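These numbers come from a predicted model, not from an experiment.
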Amino acid sequence: MVHIKTAQEIETMRIAGRLASEVLDYIGPYVAPGVTTGELDELCHRYMVDVQNTIPAPLNYAPPGHSPYPKSICTSVNHQVCHGVPGDKKLKDGDIVNIDVTVIYNGYHGDTSRMYYTGEPSIQARRLCELTYEAMWRGIGEVRPGKRLGDIGAAIQRFAEGAGYSVVREFCGHGIGAKFHEDPQVLHYGRAGTGIELKSGMIFTIEPMINAGKAAIKHMPDGWTVITKDRSLSAQWEHTILVTDDSYEVLTVSSESPAKPAAGRF
């Protein structure tokens with residue numbers, strides 16, 4: 001059951017989305033060699049709670065079959081695909097790291113993630129991150145009333161696999177609102193023209209995970225962290241998207257959000 005948001009819900013989610021993006025603006029300068037992901041988590045937590053007066057949605061989040069998530073953000077480094085748990089490991093020069101933030105503002109969620117470079121990444125790592133960003137935008141570009149969910153996944157898959165990369169299958173985007181995860185599921189692969197029809201007022205995330213190697217993944221013993229099975233690099237970007245009357249609106253934007261990529265770079 002896909003919930004069509006009211007005008008008031010949409011306005012609240014605009015604010016939630018902007019606040020989530022502002023956490024990523026804030027943390028960017030701290031991503032540097034020698035910093036631990038645990039320190040990044042603590043900085044984000046204090047910013048959300050003390051400055052924004054928002055609630056970090058991941059903290060103690062426990063979907064069926066999982067133990068409560070112990071931190072306020074996810075930090076996925078290099079071959080970690082998603083849900084990396086912040087800890088004591090120090091970032092090294094050349095690392096790439098995804099920071100995934102979800103805040104709760106007035107009962108509604110804003111969910112977004114970005115890739116960061118720790119120092120100077122390799123050419124291959126930079127290309128993966130940039131291509132994944134464009135893959136997300138290829139999916140976003142399919143959003144408008146009358147299109148179907150499969151159009152989003154097909155656009156992402158066609159672009160990523162056409163460049164020699166692979167798309168993680170086990171995780172997907174999702175509806176979002178008063179609940180962290182709602183219908184629909186937004187796959188990042190698939191067949192154009194299939195799936196439910198998009199309608200004005202739907203809000204969901206688009207968050208492709210793209211691997212430099214094969215698509216296979218492995219779950220770590222902590223019950224949360226997911227890595228590439230072949231230990232190849234992985235990248236992810238995420239925005240929360242509103243379907244408008246004739247197009248889309250990206251809700252997770254702020255003053256320092258990266259610009260939409262120029263077309264045809266890859």
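Classification of Glu130 and Arg127 as a salt-bridged pair fails, no side-chain N sitting under 4.0 Å from a carboxylate O. The pair Glu256-Arg114 does not meet the salt-bridge criterion, since no charged nitrogen lies less than 4.0 angstrom from a carboxylate oxygen.
Taking Ile, Leu, Val, Met, Phe, Trp and Tyr as hydrophobic and joining them when side-chain heavy atoms fall under 4.5 Å apart, one finds Ile55 in a cluster with Ile104. Summarising the hydrophobic clusters (Ile, Leu, Val, Met, Phe, Trp, Tyr; side-chain heavy atoms under 4.5 Å, direct or chained), the residues clustered with Met1 are none. If you chain together ILVMFWY residues whose side-chain heavy atoms come under 4.5 Å of each other, Leu59 ends up in a group of its own. Residue Val49 shares its hydrophobic cluster (ILVMFWY side chains chained together at separations under 4.5 Å) with no other residue.
In this structure, the side chain to side chain contact (heavy atoms under 4.5 Å, CB included) partners of Gln124, at least two apart in sequence or on a different chain, are Ser122. For Ser232, the side-chain hydrogen bond (donor to acceptor under 3.5 Å, both in side chains) partners at least two apart in sequence or on another chain are Asp230. Applying the ring pair (Phe, Tyr, Trp, His ring centres under 6.0 Å) criterion to Phe171, with sequence neighbours excluded, gives His83. Checked against salt bridge (charged side-chain N to carboxylate O under 4.0 Å, His left out), Arg18 has the following partners two or more places apart in sequence or in another chain: Glu22. In this structure His174 satisfies the ring pair (Phe, Tyr, Trp, His ring centres under 6.0 Å) test together with His181, sequence neighbours excluded. Partners of Glu197 according to the side chain to side chain contact (heavy atoms under 4.5 Å, CB included) rule, which considers only residues two or more places apart in sequence or in another chain, are Arg148.
Looking only at distances, no side-chain donor or acceptor of Ser21 sits under 3.5 Å from a matching main-chain atom of Gly17.
Screening residues 96-122 for ring pair (Phe, Tyr, Trp, His ring centres under 6.0 Å) gives His109-Phe180 as the qualifying pairs, with residues at least two apart or on separate chains. Residue pairs satisfying the side-chain hydrogen bond (donor to acceptor under 3.5 Å, both in side chains) criterion with at least one member in residues 214-224, sequence neighbours excluded, are listed as follows: Asp222-Thr225.
In this structure, the side chains of Val143 and Ile152 come closer than 4.5 Å at one or more pairs of heavy atoms. In this structure, the side chains of Arg126 and Glu120 come closer than 4.5 Å at one or more pairs of heavy atoms.
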